Amino acid sequence: MAEVPRKLARSWSSTLKLPKSTFPARVTPADQTKYLKRCTDDLYAWQRHERPADQCFVLHDGPPYANGDLHVGHALNKILKDIICRAQLGLGKRVRYVPGWDCHGLPIELKALEARKDVRDEDGSVKAAVTRKIARNLADRTVKKQMNGFRGFAVMADWENHWKTMDKAFEKRQLGIFREMVEKGLIYRRFKPVYWSPSTGTALAEAELEYKEDHVSTAAYVKFPLVKVPSYLKQNPLLRGKTISAVIWTTTPWTLPANAVVAINPSLEYAIVDSATHGHLLIAQSRLESLECLLKEDLSLIMPGIVGSDLADQTMYQSLFKGPDAEAQPVIAADFVTADSGTGLVHCAPGHGMEDYEACLARGIPAFAPVDDYGKFTDLAMPNNPKQLSGKSVLDEGNVAVLEYIKSQGRLLSQHRYEHKYPYDWRSKQPIIIRATEQWFADVADIQENALKALRDVEFVPASGQTRLENFVKNRSEWCISRQRAWGVPIPALYHEGTGDAILTKDSVSHIMNVIDERGVDAWWTDDANDPAWIPPSLRETSGPGYRRGTDTMDVWFDSGTSWAEVETPYGNHGHPADVYLEGSDQHRGWFQSGLLTFIAHQLASNETSTPRAPFKTLITHGFTLDEEGRKMSKSIGNVILPQTIMDGTLLPPLKQKRGKGKKQPENQQPVYDSLGPDALRLWAAGSDYTRDVVIGKQVLQTVHTSLHKYRVTFKLLLGALSDFSPASMVPYDEILLVDRIALLHLSEMTLAARAACEKFEFYKATNAVNRWANIEFSAFYMEAIKDRLYTYAENSPSRRAAQTTLFHIFKHLQEVLAPITPLLVEETFEHTPKAIRAESEHPLRRIASEPASEWQKPLLGGDYQEIVAVHSAIKAMLEKARGQKQTGSSLQSFVHIQLPATNAPSTLQQNSNELADIFVVSSVTVGGADEVIPDAITSAEWHYSEEYELPNGGKGTVYAYTPQAAKCPRCWRYVVPKEEAADDKACGRCEDVVQELDATS
């Protein structure tokens, strides 16, 4: 072997093939901006033209409400949607994702009016046209602001064609669906109790309620003197000449002025008891002990065992608030009455209770609700003395006044504070009441059966979402769709000036839609009240009073619920407008339900219900975002985390800034943070189990930062190692080494696991698979094992090219796995991909994800890996001991001998002994059988350690680590130079050959 020239010997490092890459340690904000456009707008436009139209995937956007700034809940929602779309893109689909916004409704109206107090008239009111103008402006500004924020999250969508519920085209589609429901008889008007918000002056649907568990009411026990009883009671000598009073218990005393009947259960047994304080009382017999505790007196049982059915319709009582001359009111039977609490008798006010209304309606008893739009009593509450209650809030001083009056009449037995669950307006956060008004309803009962059938064909993630949505549909018979607000789509009804009767037909709605199409929807409010253009010709011919336009608007859930009509038709091959709907779990009672009901109604109207379909094929729900203590985000608590702070990195400690030796940090130097960009926010979303509430905070974000940094380092290593590689230099699988084949097995396992997780929308499992692979199987195992081959072997040596071939596969598949999650990082890797590879590769974000080769997936290699790991762990433990005793530094400064277990089974350690030094990153490895004598070199070494290991099959062997028996090579740093040759900076034979080759080609 020729001697290496001295001129090369003086600089061994210059002869190494160290990794070279332009890929930076950190990305700059300017680069982020560049990559952001490429991987969002440019990518969406490309796939829209290049991907086949018959392979379309539709994710329909549940519109966010256009009235505030974005928070991490918005980020979680939009990023999850984007990951789904990008995963479908990787499957070769054309993605249709058009963002939308919910722009109508009370919150926007109130916020707009609050900001513009100058628009109010002298009486404090605001004209509808003015309200609509400023609300529209507010919604428009908010949409633009939110859109910029969403785009900053690297969400790939058709932003230019976004839709808003206040768009003319959207409103036209919505009115068309409403007309279909009118024609089918699914829309009707009725005076009946509805949920009413005094704080906002409008009716509410059940979906707009939230329940407060600790609401406190003033409950009362009240007696109603009976003026008529069944004859057998009247003739009883014990009761002769006595006044009997029915006792009721109520948590809403303010509803007593509207009382119409008292209800009893026909199957319960009742009793008449004597109270020294309150006289003869009628209560459920099982509630006697409870009433005694309440009144703090013993009650005498006068007559037990009175069956409720004997009292119903044969008993009358005196009204409380209608004056002494008012007609007596009946005691009726009702199955909803129980004796679980109260007295077993229930006061019914059909104008203020759903069950009360139904019970009274069956008997022809009308609903009566002497309460105005803002929850205050009207003069009708107490006709004989209107001033006593009129103008007082039923939830406050009005309730107090009712109790005071009852007490003054000697009818109040007791009152007390009662804590219970109570509905609140989820927008104003104030308690609601139940109040009978004229409202428009959608008949859900006729839709219900088909809606439930449609859900059987839907995939729910998580599966519990199906039961939740089904229960909401089952428990709803009608939907109050009218609202008494100005900012919304009008209910296109006309009212007769004389009778007040409403006109709502297919023809009248069609006529009004044509006028709206010509003049715009605002003209419904701004046109002269007597403008005949809005009245269909058939109605204009009638003599007498004319018609006026209604002022009610549609429930915003009807707005957004009909948004499925925005999706291009025809529908996919599964018959659903959208492949996926994804929103928070609160939308089971909101958007999911309203979308389902309106789409089923559309199918009914179109006679398409032979196989009813939901508007979604898959329905996904996510939880709410919480801080690290499990609390909801709240400005008052101060735990709100803004998405921008996560992307800026300002929630984590600042970077350590370099300064000259001995120099102090300037006093006013501003901290510099590691700006991770949208990928940090996205990795948090992807790594969270969104099927439950999602936690976010500094500790969580530190983990995200660590993972994202690991991805970056991994790509930098890959790009550096592949700097001189071309796909033309790939080595066939059967010519690569054992460690390469193991690496490809690990790569295929990770890739397949991540892909399967994404197909099930379990993105956190995908990120877990990537993180485990990157930290353990790639970084700690494979990359350590091949560094010597990459850096010290000749450039075109088969061994080095085999390692590069493996790394090329890893690079390609890692790009594909991370493309949906961290698209900016993947975009950046393509920017810095070596030209030879880039010329032969499709852009990773446009690429249809490739399947790992079947030849990589050999389970036996997993056994080989476990065998290697068992020995490797023992070696690491011994070298750690040697380092503790300062006997060695680098792992290369050791020799290893493996004594195999006593078994006839073939060992991968023996079969691949020539690779073990690289795999274990030591200078020499020898392998011996269980019966072989331990080499003298071990026992006579300056230091040595032994450690037992156990193989997966249970076999146990011993491994030894000891002092190197050779000198260190100055080029590869392995201890492989014979000691007798260790002079004059002598390299090992392999390195000398490589350097000589370099010298010959330079």
Side-chain angles (χ1 to χ4, degrees), residues 1 737-739 784-785 787-789 792 799 864 866-993:
M1 183 180 297
L737 305 187
L738 170 66
V739 71
E784 286 297 312
K787 281 182 178 178
D788 185 65
R789 290 163 62 194
T792 66
S799 178
D864 294 342
Q866 293 302 322
E867 193 170 333
I868 289 169
V869 167
V871 174
H872 203 179
S873 296
I875 293 172
K876 286 180 178 178
M878 290 184 291
L879 294 181
E880 199 58 40
K881 292 177 184 177
R883 289 190 187 95
Q885 296 298 318
K886 296 185 178 180
Q887 294 165 327
T888 188
S890 165
S891 61
L892 290 172
Q893 198 175 348
S894 60
F895 276 18
V896 166
H897 178 74
I898 302 170
Q899 193 170 39
L900 298 173
T903 175
N904 293 326
S907 168
T908 192
L909 297 168
Q910 201 161 28
Q911 293 171 343
N912 299 276
S913 59
N914 61 321
E915 291 188 46
L916 297 182
D918 280 346
I919 292 174
F920 298 140
V921 197
V922 295
S923 287
S924 174
V925 176
T926 54
V927 181
D931 299 329
E932 293 182 19
V933 178
I934 300 172
D936 292 338
I938 298 175
T939 56
S940 62
E942 185 179 334
W943 59 265
H944 77 272
Y945 294 91
S946 66
E947 191 85 19
E948 189 178 73
Y949 66 91
E950 182 175 354
L951 300 180
N953 62 11
K956 294 182 179 180
T958 306
V959 60
Y960 300 87
Y962 58 101
T963 314
Q965 304 300 297
K968 179 180 179 181
C969 171
R971 182 173 180 271
C972 67
W973 294 7
R974 295 182 309 151
Y975 285 76
V976 290
V977 178
K979 288 187 176 179
E980 61 272 15
E981 298 179 13
D984 298 326
D985 206 24
K986 183 82 171 178
C988 67
R990 186 193 66 185
C991 286
E992 285 185 341
D993 289 343

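The structure displayed is predicted, hence computed values, not measured ones. In what follows, every heavy atom counts, from backbone to side chain, and hydrogens, waters and symmetry copies are set aside.
Separating the CG atom in D864 from the OG atom in S907 is a distance of 8.5 Å, to the nearest 0.5 Å. From L737, atom CG reaches atom CD of E915 across 4.0 Å, with rounding to the nearest 0.5 Å. In this structure, CD in E950 is found 12.0 Å from CD in Q866, a value given to the nearest 0.5 Å. Remark: L916 CG to I875 CD1 distance equals 8.0 Å, nearest 0.5 Å. The CH2 atom of W943 lies 16.0 Å from the NZ atom of K886; values are rounded to the nearest 0.5 Å. Separation of atoms OG1 (T963) and CD (Q893) is listed at 8.5 Å; rounding is to 0.5 Å.
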List the steps and the verdict of side-chain contact (heavy atoms from CB on, under 4.5 Å) for F920 and I898.
CA-CA 12 Å; F920 298 140; I898 302 170; 3.9 Å; yes
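Under 4.0 Å is where a charged nitrogen must lie from a carboxylate oxygen, and between E992 and K986 at least one such pair does.
D936 CG: 12 or fewer foreign heavy atoms inside a 6.0 Å radius. The neighbour count for E980 CD, taken as heavy atoms of other residues, nucleotides or ligands under 6.0 Å away, is above 12.
With contacts defined as side-chain heavy-atom distances shorter than 4.5 Å, the pair R990/D788 qualifies. Between V896 and V871 there is no side-chain heavy-atom pair separated by less than 4.5 Å. Between P964 and S923, the closest side-chain pair of non-hydrogen atoms is not below 4.5 Å. Taking the side chain as every heavy atom from C-beta outward, Q911 and L909 never approach each other to under 4.5 Å.
Of all heavy-atom pairs spanning P970 and A987, the tightest one is CD-CA, 3.9 Å. The two residues C969 and C988 come nearest to each other via the heavy atoms SG-N, 3.4 Å. Scanning both residues, L879 and A961, for their nearest heavy atoms gives CD2-CB, 4.4 Å. Across E948 and K956, no two heavy atoms sit closer than the pair OE1-CD, 3.9 Å. Taking both residues in full, the closest heavy atoms of Q899 and A930 are given as NE2-O, 3.4 Å, listed atom of the first, atom of the second, then distance. Scanning all heavy atoms of the two residues, the minimum distance from D918 to R789 falls at OD2-CG, 3.6 Å.
Under the ring pair (Phe, Tyr, Trp, His ring centres under 6.0 Å) criterion, the residue pairs touching residues 960-983 are F895-Y962, with sequence neighbours excluded.
Side chains of T908 and N912: a donor-acceptor N/O pair is present below 3.5 angstrom, by distance only. Side-chain atoms of T792 and R971 form no donor-acceptor pair, as typed in the model, at a separation below 3.5 Å.
Under the side-chain contact (heavy atoms from CB on, under 4.5 Å) rule, R883 has a single partner from Q885, Q887, E880, which is E880.
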